[in-house]
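Beneath this line is the structure, given in structure tokens, with notes to follow.
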Amino acid sequence: VDEQILLIDQCLDDLKSIQFFDFVPSSMRSFSRITPNLNFKGSNLSGVLKNLEMEGKIDQVLDFIKNLPEQKLDGISFFEDNRERFSVELEESFGDENSSKTWSIELLSFVIVRVLAIAAALMTAKPGSLLVFEELDNGIHPNKAKILLNQIYEYARDNNLYNLLTEKDKKFKNITITILNKNKIII
């Protein structure tokens with residue numbers, strides 16, 4: 001009986017470590033309060049990123065997303081409203097370092113916002129967690145998909161995370177299968 005209880009406890013712990021994400025673009029651009037974990041739709045993205053900044057991990061987020069946009073990303077900052085909620089901003093440079101511009105999350109492409117959310121989900125997950133990303137291919141150019149999947153794989157490998165990715169784009173699936181054969185990303 002004790003073995004059965006331990007097995008049930010282990011199964012419950014395993015189920016608790018599963019996190020599902022189905023990002024909704026319109027809600028991800030909202031102000032949010034500081035919070036440690038990203039919710040299912042990503043509506044608290046700015047608050048989670050602010051929490052990562054307070055933990056000294058914002059440079060990891062920047063490193064995670066820097067290879068995806070065409071412009072060079074120089075920094076991540078936050079705007080606080082009068083209700084102690086935050087909105088994320090990205091600083092990009094165009095060619096020379098003197099021509100940088102800060103963009104609020106409302107003006108960022110859905111792909112950049114989505115990749116910020118993926119980074120936030122990965123960087124707040126506990127070791128051994130299974131992260132399920134719904135339609136990861138949504139809006140991501142196939143040329144950038146391989147870069148993103150490699151980054152997800154490397155972060156998951158280095159931090160003992162498991163990922164389940166769903167997709168609808170056949171081209172993206174072919175890229176996914178190639179990368180998924182390495183180890184911890186599952187399809």
Side-chain angles (χ1 to χ4, degrees), residues 14-25 27-29 35-53 55-76 88 90 92 105 108-187:
D14 289 345
L15 289 172
K16 288 178 188 175
S17 73
I18 300 172
Q19 298 175 45
F20 293 90
F21 300 101
D22 188 10
F23 301 129
V24 175
S27 67
M28 294 169 69
R29 298 177 189 280
T35 184
N37 297 94
L38 195 62
N39 63 29
F40 172 72
K41 299 208 180 273
S43 63
N44 62 340
L45 175 60
S46 289
V48 173
L49 291 171
K50 179 63 178 173
N51 189 63
L52 286 168
E53 179 194 52
E55 293 177 354
K57 297 179 180 177
I58 203 68
D59 287 339
Q60 288 178 295
V61 174
L62 190 59
D63 287 343
F64 189 87
I65 65 168
K66 70 181 177 188
N67 293 323
L68 292 165
E70 299 302 319
Q71 295 79 19
K72 180 183 176 207
L73 295 178
D74 296 323
I76 298 175
V88 70
L90 289 183
E92 294 179 326
I105 195 167
L108 297 174
S109 74
F110 171 60
V111 172
I112 296 298
V113 174
R114 186 180 193 77
V115 174
L116 281 168
I118 292 166
L122 289 168
M123 293 176 195
T124 58
K126 294 177 183 168
S129 294
L130 170 63
L131 306 181
V132 180
F133 294 103
E134 190 69 28
E135 293 187 41
L136 189 70
D137 60 326
N138 188 359
I140 298 175
H141 191 279
N143 291 340
K144 300 294 184 176
K146 189 171 184 176
I147 295 169
L148 176 61
L149 288 171
N150 276 322
Q151 289 174 261
I152 291 171
Y153 163 74
E154 289 171 9
Y155 193 87
R157 179 198 63 210
D158 295 345
N159 293 279
N160 190 30
L161 298 173
Y162 299 87
N163 294 282
L164 176 64
L165 314 174
T166 68
E167 53 76 38
K168 292 184 178 176
D169 186 343
K170 183 150 177 73
K171 291 178 188 174
F172 193 82
K173 183 175 181 181
N174 291 339
I175 295 168
T176 304
I177 290 169
T178 302
I179 294 169
L180 297 177
N181 290 335
K182 289 183 179 177
N183 191 2
K184 292 202 182 210
I185 298 179
I186 307 163
I187 189 149

From [atom1] ([X]) to [atom2] ([Y]), nearest 0.5 Å:
X	Y	atom1	atom2	answer
R114	E135	CZ	CD	7.5 Å
N39	N44	CG	CG	4.0 Å
E55	E53	CD	CD	11.0 Å
E92	D74	CD	CG	8.5 Å
L73	L62	CG	CG	6.0 Å
L122	Q19	CG	CD	9.5 Å

Check: R29 side chain, L108 main-chain N or O, donor-acceptor pair, under 3.5 Å =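 Here the side-chain-to-backbone pair exists.
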query = Should E154 and R157 count as an ion pair when the cut-off is N to O under 4.0 Å?
reply = no
Quick one: closest heavy-atom pair of [X] and [Y], and the distance?
X	Y	result
Q60	M123	O-CE, 3.3 Å
G128	Y162	O-CD1, 4.0 Å
A120	L49	CB-CD2, 4.1 Å

Please examine the side chains of [Y] and [X], heavy atoms only from C-beta on, and report whether any two atoms are closer than 4.5 Å.
X	Y	answer
K126	S17	no
L130	F20	no
N37	V48	no

key: D63, I76, N51 screened by side-chain contact (heavy atoms from CB on, under 4.5 Å) with I58, the one that passes   =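 For I58, the side-chain contact (heavy atoms from CB on, under 4.5 Å) check succeeds only for I76.
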note = Which of I147, N163, L131, L161 passes side-chain contact (heavy atoms from CB on, under 4.5 Å) with I152? It is N163
Residue pair I118, F21: steps toward the side chain to side chain contact (heavy atoms under 4.5 Å, CB included) verdict = CA-CA 9 Å; I118 292 166; F21 300 101; over 6 Å; no
ask   = Given I105 and L45, is the side chain to side chain contact (heavy atoms under 4.5 Å, CB included) satisfied, shown in steps?
value = CA-CA 10 Å; I105 195 167; L45 175 60; 3.9 Å; yes
Ring geometry between F23 and F133 (parallel below 30°, tilted from 30 to 60°, perpendicular above 60°) = tilted
